[in-house]
Structure formats: structure tokens, C-alpha cells
Amino acid sequence: MFLAQRLFRRRGRAFRHTAGVALLALFMGLSGCGARPDQGADATAGTTGAPEEAKPDALAAGVTDVILATTTSTQDSGLLDVLIPRFEQSAPYRVKTVAVGTGQALKMGEQGEADVLLTHAPEAEKPLVEAGVVTNYHRVMYNDFILVGPPDDPAGVGRADDLAAAFRAIAGGKTPFVSRGDDSGTHKKELALWKGAGIDPHGADWYIESGTGMGQTLLIASEKGAYTLTDRGTYLAYRDKLHLAVVREKDPELLNVYHVMQVNPERFPQVNAKGAAAFVQFLIAPETQALIGDFGKDRFGEPLFFPDAD
Amino acid sequence: MDLIGIALREAWGLVRSGDAELWEIVALSLRLAGWTMGLTLLLGLPAGLFLGFGRFPGRRPLLFLAHVGMGLPPTVVGLWVALLFWRSGPLGELRWIYTPRAMVVAEVILTLPIVVALVATAIESRRAKLLPLLLSLGATPLQMLWLTLREIRLSLLTAVMAGFGRVFSEVGAAMMVGGNIKGETRTMTTAIVLEVSKGQFDRALALSFVLLGVSLAITLLLTAVQRAGGGEGEGGGGMG
């Protein structure tokens, strides 16, 4: 700073000029660059050049953007970083991934805010399929949920006869349980499992609702020495940072099935139906399915997802 | 503590290797801030001048509103702007949601009150001195504007710095309106949130160091301009 000050003083007027020009250049450079996102938006939205004259149908015909609403687990695991560039190479579309909880992703579908959905809550997806909000509904892959908790398993979750008994063991013990509490697919699954065990955990002092994503929830569970329900992929990605062990796995109820579906263009004319259909086809194509099956093997020594297209 | 060392090294490695994704993110953040501050000054300067010089009923409530606006929570603004630009929203036809344009709109709403309030306050405090001077000189309106801006340049720079700071630091609006889309609307703050949720703490930390570095560089540049400007005032020279 001192050196800079001296420099400024010595250069005097000349420097003042330079500094002013530099600042101006910075702004102009930025605004010059700023033209790019506009062009980008033009190129991707296809129609922003003349939005006022575009009718919804015409819009859909020229649009190259495909908005994919999906769960955080597909993004956080890195799977989409592998799949989407492949799709964009093979098809004239650009995918805009919005990674949110399954609840929000389905809501975006219900309001026509997204073109295609990739989610993992079959019970919540079914009503949308039946109501005709979404079409072209396909199974894509599965992985599984696991119960993780303190390595010594104080509540004896691992010894319980079945999953319902395991959840009752958690409720009966003193070890806390951290819930996502964010209406995500994992949260929906957890609530269904509590229901299956005949327990309403809400309001119990051992029941903590984190309201955050899976990774954050795992960290909280680890800090508090608590149990939590997680997808295997996120747990593997976080394993090194956690004092949590897998205490329960491979129960049939713990299967985590991902479905892809496109938002019904008959209901929402403004969706990009062609792009959405192309993305659905891409996900269930044999080559993509093979990619899904290999994903994660190099990093974790085991795959994170198992291809399961019908 | 090990993590910090690793992260520092990785941050340096990222910067040196010219990691394409990193620069894309940094460039977007800079573009966003540049556009935002450009538009904010365009709108905020006249509004601030008007509020500072003007004497009309409703001036005080407006000024109060600007001061309240300085503390607008980014997530709240993000939600409003998202509602506006969703396909089902009133401006959905524009298809701006999840584009940098919509993000600029949100950021301008966040930074505008800062510029308006700081400019108006600066003028108000110098009003008694400034008005007779401006009127007695018989200056043209453009010269008056120039003189006024020179007089309040320190506040102006503070406002610009605060604005930059706000755009760089907020994550709520950028996330909600931009959607954190790779290569398009992923800024430094949303990228950090994503890396944390992926469990990649070292990369998140590395990004945080880069973010701090960029903020520091901009502040230094603006401070340099401020100092240079200060010197000119003492010199009492003309407009050159």
C-alpha cells in the first residue's frame, strides 16, 4: 500500500488520468463483455431477439433451451456433469439444469416452469402422471437409501428385525435423528418409512429437521452423533468427512428409483416439448444407460446408480 | 487446518492453470457486477440528485424508503424477481428466468437503494454550500452536474464499492433467479454453495480465496481512483 501511495504521488496528474481511464476501461470492458450474456441468451432462448412478436407456439418451435428440474442428488453426485455434455453434443439443445428438491422439481412441472423432470419419489410422481400434467414417464435408474449413524449404533438399528422395527428402535432410544425436512425425495421417503413404522416423529425432542441438502444434513448428523437417512451416493462422496457408519442397508423398502418425464405440452403450450422428448429418449438409450452404470466406479470403487430403463 | 493449506495450494493452482470453468465463473461475476453497477448508476444518480437537491412533499418518505432498501434481503428480492420472470409470471414471455439478464434485474434492485441513499445524503449535507456556488457561477446545467459529481465523488465511490460488494457477496437472489446453471448463471458465490453441497470443501475454499482476491483487486482499484481524485481536489485545478 505504501509503495502504491508513493507511486501515485510521484506520478501526480499523469496517474490521476491513467487511473480514471483504467476505471472507465474496466466498466467499458465489462459492459463490452456484457454483450455476451445477451447474445448467449439470444442464442439459447432463440427468440429473445423479438420476444414481443413471438407467440407461444412459435416460441416452442425455435427454442433450444431445455429446462431440466431435478433433484440435488443427481447434480451433487456429478452424474449430470457427465450426461448433459453428451446430450448437448448429440442434439441441438442446451440443457439448463435447475437442481432442487424433488418436491420443488415436481411443483415446477405442475406449473409448466420446467420442460423435463428427473426425480425420485414415485408416490409423489404418480398423481402427476394420472392427472396428465406429465407424460412420457420412464424409469431411468435406481440406487439405494441407507441408514447411517454413530458407528457403535447405540439404538441397535442394525439388529432390528425389519426396517419398521429399526425406525421404532431409533424413536425409542435417546440418539437423535436428523431429517432433511425440505420436501425432497429423500425427505418424502423418510416420512413414508416413519409412517410404515407407525410413528409420528414431529415434535419429538430427538427429531431434528435440518432444512438443508443431503450433504449438509450428513454433516449435521455427524456433528450431533445422530442417525439419518441418506442416498448412498452422497454418503460415499462425504464419507471421509463424517463420523458415521452404514448401520442399515439393502432392505427392500430402501430402493431409490429415478424416473424421467416430460411436462405435457398439451397442458402447457410454452414448454419445449421436442427438446424434452429428446432428453427423455437420451436418458433411456442403451449407450446412456451404460454410462450411468459406469459412473462413480473410478472414484468410489462402486457405481452410484444402476441403470434400469424399461 | 490441513484443509486450508490444501485449499490455498489448490486456489493458486486453479488460478495458474487458467482453469476454464473458473474463469467462466469469475467472468460472469464481473460481467454481472459491471452491468449491475452501470445500470444502477444510470438510474440511481438522477434519482439521488433529485432527492438530494429537490424540496417536495414525499421526499422524506422516499429517502426513508431508500434507506430501508439498503437492507433488502437478497433472497426476498430473488423470490420477487423469480415470480416476475417465471413462465407463469407476468414477464414470463421474455424468457429471462435462469439467464444473466434476470440476475441483473435482481442485483439492480439490490444495489439501487445504496446508490440513491448515499448520493442523496451526500448532496443534502453539502446543499447549503453547493447551491449558491452553482447558481452564482452561471454554469451550464452540464457544468453544474459535473461540479456536483466532483463534490460528492467520495460518496459516489463508496456507493460503487458497496454496490460491487453487494453483488459479489449475495447468493440468495443469484441462486433463485439464475438457477446456478453451469456456464451460464453460475457465479462465484453459487459455485461455492454447490461445491460445499458436493462435499468438495477444498475446491469451495479455493473458490472463496479467488473471490476474495477479485474483491480485493476491485477495491484497490477504486481506492486508487479515489486517492487520485482527492489529489485533484486539493490542486484546485480546472477541469483540464
Side-chain angles (χ1 to χ4, degrees), chain A residues 1 4-5 8-9 12-13 15-20 22-23 26-27 29-31 33-34 36-38 40-41 44-48 51-52 54 56 59 63 65 67 72 75-78 80-81 84 94 96-99 111-113 212-216 218 234 237-238 240-241 268 270-271, chain B residues 3 27-28 30-39 41 82 86-89 91-104 157 160 175 178-185 193-201 218 220-232 235 237 240:
Chain A
M1 232 14 256
Q5 252 168 307
F8 295 161
R9 229 175 266 145
R13 220 188 154 82
F15 177 78
R16 295 200 292 271
H17 191 67
T18 326
L23 187 70
L26 174 78
F27 274 114
L30 288 169
S31 28
C33 286
R36 261 189 54 204
D38 293 356
T44 48
T47 52
T48 30
E52 52 282 276
L59 249 169
V63 162
D65 269 356
I67 296 186
T72 45
Q75 181 168 59
D76 290 356
S77 63
L80 291 179
D81 291 338
I84 283 173
R94 276 189 62 89
K96 294 192 154 194
T97 308
V98 183
Q111 295 176 342
E113 300 297 346
T212 55
M214 195 66 250
Q216 203 69 34
L218 280 169
T234 312
Y238 268 76
D240 302 341
K241 290 138 193 137
F268 304 98
Q270 72 271 40
V271 300
Chain B
L3 189 63
L28 175 73
L30 285 173
R31 280 207 307 263
L32 206 63
W35 268 93
T36 300
M37 287 322 291
L39 285 174
L41 286 175
W86 272 338
R87 285 175 181 176
S88 51
L91 296 177
E93 287 279 290
L94 291 175
R95 300 231 157 192
W96 279 14
I97 189 79
Y98 309 133
T99 65
R101 287 183 179 189
M103 296 169 83
V104 169
L157 272 160
V160 171
M175 197 62 120
N180 189 25
I181 291 160
K182 190 177 177 182
E184 276 184 60
T185 58
V193 171
L194 177 67
E195 294 302 338
V196 170
S197 71
K198 277 179 171 175
Q200 314 241 9
F201 298 123
I218 287 182
L220 278 178
L221 186 66
L222 288 173
T223 313
V225 175
Q226 188 177 13
R227 272 176 201 287
E232 187 151 357

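Order of the sequence lines sets the chain letters (A, B, ...), proteins ahead of strands, with each chain counted from 1.
Separation of atoms CD1 (Ile84(A)) and NZ (Lys182(B)) is listed at 9.0 Å; rounding is to 0.5 Å. Between the CG atom of Asp65(A) and the CD1 atom of Ile181(B) there is a distance of 8.0 Å, given to the nearest 0.5 Å. Atom CD of residue Gln111(A) and atom CZ of residue Arg87(B) lie 12.0 Å apart, to the nearest 0.5 angstrom.
Only the side chain of Gln216(A) comes within less than 4.5 Å of a heavy atom of chain B; its backbone N, CA, C and O stay farther away. In this structure, the portions of Val196(B) lying under 4.5 Å from any heavy atom of chain A include both its backbone and its side chain.
Listed by chain and residue number, nothing satisfies the side chain to side chain donor-acceptor pair (under 3.5 Å) test with Ser77(A) (two or more places apart in sequence, or in another chain). Evaluation of the side chain to side chain donor-acceptor pair (under 3.5 Å) rule for Gln75(A) yields no partner, not counting sequence neighbours.
Of the listed residues (Leu80(A), Asp81(A), Thr212(A)), the one with the most heavy-atom contacts under 4.5 Å to chain B is Asp81(A).
Across all non-hydrogen atoms, the minimal contact from Lys96(A) to Ile97(B) is NZ-O, 4.3 Å.
The side-chain heavy atoms of Asp76(A) and Leu194(B), taken from C-beta on, include a pair separated by under 4.5 Å.
The closest donor-acceptor contact from the side chain of Tyr238(A) to the backbone of Ser197(B) lies under 3.5 Å.
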